Amino acid sequence: MNWQFTRAGHWIRFEAGEPICHIFPVSRGGLEAVTPEMRKLSENPELEGEYKAWSDSRNSFNEGLSDPNSDAVREKWQKSYFRGVCPSGRNGPADHRSRLRLKPFG
């Protein structure tokens with residue numbers, strides 16, 4: 001989360017139970033162990049096809065938001081990633097998860 005405080009000396013109040021941050025744990029040294037690579041999307045035709053399908057779908061969805069009677073307005077957001085479905089419509093990874101069941105703080 002990013003907070004922008006606009007007035008010096010002004011108290012900020014968060015209500016009980018209101019989320020104030022997002023903690024994203026990363027193992028120490030985990031990012032340093034990654035060696036990034038630049039590749040052309042065309043080197044992976046299947047991935048390139050999925051990207052093009054996503055891009056076309058996203059553009060169509062965004063255009064539909066301007067029509068109050070459109071499917072896009074009724075759906076409110078595209079849920080394929082959440083459902084673990086690739087833009088082409090095929091199933092994504094078998095281990096796809098849309099929710100983690102984390103232990104609460106003790």
Side-chain angles (χ1 to χ4, degrees):
M1 296 200 149
N2 296 309
W3 297 100
Q4 182 176 10
F5 300 108
T6 59
R7 290 178 282 181
H10 184 78
W11 285 90
I12 305 298
R13 178 184 173 142
F14 296 99
E15 299 297 329
E18 181 179 2
I20 60 168
C21 71
H22 175 91
I23 298 173
F24 188 83
V26 176
S27 299
R28 184 182 303 253
L31 295 176
E32 290 92 339
V34 173
T35 304
E37 264 180 55
M38 297 275 296
R39 293 189 182 181
K40 292 184 179 190
L41 193 53
S42 59
E43 291 178 24
N44 185 332
E46 183 180 353
L47 182 59
E48 184 178 33
E50 290 291 348
Y51 170 75
K52 286 181 178 176
W54 169 82
S55 182
D56 292 345
S57 171
R58 188 70 179 158
N59 289 337
S60 176
F61 182 84
N62 285 336
E63 287 172 14
L65 290 174
S66 63
D67 176 2
N69 298 315
S70 71
D71 289 339
V73 169
R74 281 189 291 282
E75 292 173 14
K76 299 181 183 165
W77 60 287
Q78 292 179 293
K79 301 172 183 76
S80 58
Y81 175 79
F82 181 78
R83 293 179 181 142
V85 177
C86 294
S88 63
R90 71 177 174 80
N91 288 334
D95 63 347
H96 172 80
R97 294 184 290 166
S98 60
R99 185 171 202 180
L100 301 176
R101 308 272 191 251
L102 303 177
K103 296 176 185 172
F105 285 96

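Predicted, not measured: the structure shown is a model, and the values here were computed from it.
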Worksheet item: What do you reckon, is NZ of K76 surrounded by more than 12 foreign heavy atoms closer than 6.0 Å?
Response: no

Practice prompt. Return yes when atom CZ of R28 has more than 12 non-hydrogen atoms of other residues, nucleotides or ligands closer than 6.0 Å, and no otherwise.
Written response: no

Worksheet item: Do you reckon F24 sits in the same ILVMFWY cluster as L31, going by side-chain contacts under 4.5 Å, direct or chained?
Response: yes

Response to the item:
Separation between OH (Y51) and CG (D56), nearest 0.5 Å, reads 9.5 Å

Worksheet item: Minimum heavy-atom separation for S57 to Q78, with atom names?
Response: OG-NE2, 2.8 Å

Item to complete: Using a 4.5 Å cut-off on heavy atoms from C-beta on, say whether the side chain of R97 contacts that of D95.
Response: no

Worksheet item: When hydrophobic residues are tied together by side-chain contacts of less than 4.5 Å, even through go-betweens, does W54 share a cluster with L47?
Response: yes

Item to complete: Kindly compute the distance separating NZ (K79) from OG (S98), expressed to the nearest 0.5 Å.
Response: 13.0 Å

Discussion item. Quick one: does any side-chain atom of H96 pair with a main-chain N or O of Y81 as donor and acceptor, under 3.5 Å?
Written reply: yes

Worksheet item: Quick one: are V73 and D67 in side-chain contact, heavy atoms under 4.5 Å?
Response: no

Worksheet item: Rounded to the nearest 0.5 Å, how far apart are NZ of K40 and CD of E48?
Response: 11.0 Å

Worksheet item: If you take all heavy atoms of G64 and S70, which pair is closest and at what distance?
Response: O-OG, 2.6 Å

Worksheet item: Looking at CG of L41 and CD of E50, how far apart are the two atoms once the value is rounded to the nearest 0.5 Å?
Response: 11.0 Å

Worksheet item: Can you name the nearest heavy-atom pair linking E63 to S66, along with the distance?
Response: O-OG, 2.8 Å

Worksheet item: What's the shortest heavy-atom distance between N69 and R74, and which atoms?
Response: O-NH1, 2.8 Å

Worksheet item: For the residue pair F61 and E75, what are the closest heavy atoms and their distance?
Response: CE1-OE1, 4.0 Å

Fill in: Exercise: identify the closest heavy-atom pair between G92 and C86
CA-SG, 3.8 Å

Discussion item. Taking I12 as the starting point, is it possible to reach I20 by hopping between hydrophobic residues whose side chains are less than 4.5 Å apart?
Written reply: yes

